[in-house]
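Only one structure is covered here, and it is reproduced in the block below.
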Amino acid sequence: MSAVVGSLSTKNVKFNPQVGEEELGKSMNDREGEEIIEEDEDDKLKPEGEVDLGPRFSIKEQLEKDKDDESLRKWKEQLLGSVDLSAIGESKEAEVKIQSLTIQCPGRADLVLPLPFTKTSKSNSLFAIKEGSRYRLRFSFVVVGNIVSGLKYTNTVWKTGVRVDHTKKMLGTFSPQKDPYVYEMEEEVTPSGMFARGSYSARTKFVDDDGKCFLDVSYHFEIQKNWATPS
């Protein structure tokens, strides 16, 4: 979905289980029980060779550079905002720590997905959600060490081995800070109908401009006719 199903993005294919119904029907027996079998589109687009991005600098080194240029120094400090320079250390690498992934549905308790995920199977879904439900994905993360540039969220969903959704959302560039960043996706509605119900496979990733991956998880979830009755 958007860790269920996505929103506005650089590329966003809306979740539509009825696309390719014939293919789903023909392949149901052949693909039953399969794990995710398609490559992530982002993986396909990666160059075979490493790209030389040049030397990296810690934030302190960045501030030391051109320190005699008053206007440039002020611009850098404004760009960094409220960064606690005493707490950033000498790291040249940014780290993004995903703290929570939450699905919010009006009138329902928040569904907080456990991190780190444990590998799930079709018979042991991570969560279930009712068809036709309004929902919003909310996640929080902390940036430490250095500035993370071009952080993006991607989510891909399969049903019986056929890809039914691929969402990519550019989140932006973030400076290190002690307090977590909180991001909410746009509200969406889960699909409904006979072809929408069932088990889905999904893969969720958070990656920066350099291709560094901070979270890469695969799991299963279900769309059901009704909400599950609490046990």
Margin query: Taking E186 first and then K169, would you say they form a salt bridge - that is, a charged N and a carboxylate O separated by under 4.0 Å?
Written below: no

Check: Do you know which two heavy atoms are closest between W227 and S133, and how far apart they sit?
Finding: CZ2-OG, 3.5 Å

Notebook entry, point to check: So, do L151 and D209 sit near enough that their side-chain heavy atoms are less than 4.5 Å apart?
Noted result: no

Next item on the list: Indicate whether any N or O donor in one side chain lies under 3.5 Å from an N or O acceptor in the other, for N155 and T204.
Entry: yes

Next item on the list: Evaluate the side-chain proximity of N146 to E93: yes if any heavy-atom separation is below 4.5 Å, no if none is.
Entry: no

Check: Would a 4.5 Å heavy-atom cut-off, applied to side chains only, mark D110 and C105 as touching?
Finding: no

Check: Of the options K225, Q224, R197, which is the one that meets E131 in a side-chain hydrogen bond (donor to acceptor under 3.5 Å, both in side chains)?
Finding: R197

Margin query: Test your reading of the model: is there a side-chain donor-acceptor pair from R136 to the backbone of Q104, 3.5 Å cut-off?
Written below: no

Next item on the list: Go through the side-chain N and O atoms of H220 and S201 and say whether any donor and acceptor fall under 3.5 Å apart.
Entry: yes

Next item on the list: Could you check whether the rings of F221 and F127 sit parallel, tilted or perpendicular, using 30° and 60° as the cut-offs?
Entry: parallel

Item checked: I147 vs F174 side-chain heavy atoms within contact, under 4.5 Å -> no

Checklist line | Stepwise side-chain contact (heavy atoms from CB on, under 4.5 Å) check, I129 with E222 | finding: CA-CA 6 Å; I129 191 168; E222 291 185 18; over 6 Å; no

Notebook entry, point to check: Does some side-chain heavy atom of L115 sit less than 4.5 Å from a side-chain heavy atom of Q99?
Noted result: no

Notebook entry, point to check: How about D165 and R163: do any of their side-chain heavy atoms sit closer than 4.5 Å?
Noted result: no

Item checked: Closest non-hydrogen atom pair, A196 against K159 -> O-CE, 4.0 Å

Next item on the list: Evaluate the criterion ring pair (Phe, Tyr, Trp, His ring centres under 6.0 Å) for residue pair F206 and F139; output intermediate values, then yes/no.
Entry: CA-CA 11 Å; F206 289 84; F139 47 81; 5.1 Å; yes

Checklist line | Derivation of the side-chain contact (heavy atoms from CB on, under 4.5 Å) call for V157 and T167 | finding: CA-CA 9 Å; V157 180; T167 297; over 6 Å; no

Notebook entry, point to check: Between T102 and L113, is any pair of side-chain heavy atoms under 4.5 Å apart?
Noted result: no

Next item on the list: Over all heavy atoms of both residues, which pair between R108 and A228 is shortest? Give the atoms and the distance, please.
Entry: NH2-O, 4.5 Å

Margin query: Quick check: closest heavy atoms across T173 and G150, and the distance to 0.1 Å?
Written below: OG1-N, 3.3 Å

Next item on the list: Flag the pair W158 / R203 as yes when at least one side-chain heavy-atom distance between them is below 4.5 Å, and no otherwise.
Entry: yes

Checklist line | Y135 side, atom OH; I103 side, atom CD1 - distance, nearest 0.5 Å | finding: 8.0 Å

Next item on the list: Take L171 and K152, measure what side-chain contact (heavy atoms from CB on, under 4.5 Å) needs, and give me the verdict at the end.
Entry: CA-CA 5 Å; L171 306 181; K152 64 177 177 287; 5.5 Å; no

Checklist line | Smallest separation among heavy atoms of G132 and T190, with atom names | finding: N-OG1, 2.8 Å

Next item on the list: Compare every heavy atom of Q177 with every heavy atom of V142, then report the nearest pair and how far apart it is.
Entry: CG1-O, 3.8 Å

